[in-house]
Amino acid sequence: MTRIELAQGDITEQQVDIVVNAANSGLLGGGGVDGAIHRAGGPEILKECKELRAGPLQDGLPTGQAVATTAGRMPARWVIHTVGPVYAKREDRSALLASAFRESLRVADELGARSIAFPAVSAGVYGWPLDDAARIAVRTVRETPTSVELVRFVLFNDEILAAFEEAVRELGA
Ligand code: AR6
């Protein structure tokens, strides 16, 4: 059974096997969680991202997929970089957002990880409405078969934490 936890705080400080990054397809850094992870983890992460772009991911990481690197100086062992979709009013991209969580768990299983921390992927710069982002995140994790024992959503502020608390209540996670 996978345990789902909610916590408020900074994802870079989590004592878990894997920290998930809400990256962009270029994989070379950005703002939000992405910036925080590269700052906290140090240059080793960017070095591995550049190697991925020079090798298997020459066109970047497609939306909804996930790839692992070292976590550098963070307490975690690995970072899984995933790319959530940009929110669009006229197009339902929720399958891609669910895929970002599912693919991250698949890569975590490949690594043999037991614990993972997710941010609220797509709920920042990418503009996803918080309640919906929270529901998709919680539902997908609950429905994805995985050997990961602990999934911790690390939420940056009161508002996004409240959205996840409501999603957990609604879905009974
Ligand atoms: N720990 C936990 N959550 C955080 C942290 C942190 N240190 N910093 C921000 N958040 P965002 P996205 C929250 O914008 O919407 C980047 O430039 C934030 O408050 O980081 O998927 C990438 O390079 C929000 O609730 O990710 C991409 O270009 C959540 O994390 C783009 O942003 C996600 O916000 C991805 O946008």
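Hydrogens, waters and symmetry mates are skipped; everything else that's a heavy atom, side chains included, is used. Note that ligands are numbered from 1 as they come in the structure, with each ligand's atoms numbered from 1 the same way.
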Can you list the ligand 1 atoms lying under 4.0 Å from a non-hydrogen atom of V33? 3 (N), 4 (C), 5 (C), 8 (N), 9 (C), 10 (N), 13 (C), 20 (O), 30 (O)
Nearest to atom 31 (C) of ligand 1, what protein heavy atom do you find, and at what distance? Y126 CE2, 3.5 Å
W128 and Y87 aromatic ring geometry - parallel, tilted or perpendicular at 30°/60° bounds: perpendicular
At less than 4.0 angstrom from any non-hydrogen atom of A36, what atoms of ligand 1 do you find? 7 (N)
Is any side-chain N of the basic residue among E165 and R169 closer than 4.0 Å to the acidic one's carboxylate O? no
Check for a donor-acceptor pair, side chain of T82 on one end and backbone N or O of A22 on the other, with a separation under 3.5 Å. no
For residues H81 and A23, report the shortest heavy-atom separation together with the two atoms involved. CB-CB, 4.2 Å
Which one of N21, L27, V107 satisfies the side chain to side chain contact (heavy atoms under 4.5 Å, CB included) criterion with V67? L27
For the backbone of R102 and the side chain of T140, can you confirm whether one donor and one acceptor N or O come within less than 3.5 Å of each other? no
Numbering the atoms of ligand 1 from 1, which are under 4.0 Å from a heavy atom of G31? 16 (C), 17 (O)
Identify which of G124, G9, S25, A163 has a heavy atom lying nearest to atom 15 (O) of ligand 1. G124
Where do D109 and S147 come nearest, in terms of heavy atoms and distance? OD1-N, 2.9 Å
Could an N or O of ligand 1 be found under 3.5 Å from any N or O of T12, whether backbone or side chain? no
Check each of D10, V83, L28 against atom 7 (N) of ligand 1 and report the one with the nearest heavy atom. D10
Closest to atom 6 (C) of ligand 1 (heavy atoms only, candidates Y87, F156, F118) is F156
Please could you name the atoms of ligand 1 that S122 approaches to less than 4.0 Å, counting only its heavy atoms? 12 (P), 15 (O), 21 (O)
Taking the side chain as C-beta and beyond, is there a heavy-atom pair between V83 and T63 under 4.5 Å? yes
Using a strict 4.0 Å cut-off to heavy atoms of D34, name the atoms of ligand 1 that fall inside it. 22 (C), 23 (O)
Judging by distance only, is a nitrogen or oxygen of I11 under 3.5 angstrom from one on ligand 1? yes
Taking only residues two or more places apart in sequence or in another chain, which ones pass side chain to side chain contact (heavy atoms under 4.5 Å, CB included) with R39? A36
Who's closest to atom 33 (C) of ligand 1 heavy-atom-wise, of A40, A120, A22? A120
of all protein heavy atoms, closest to atom 14 (O) of ligand 1 is V125 N, 2.8 Å
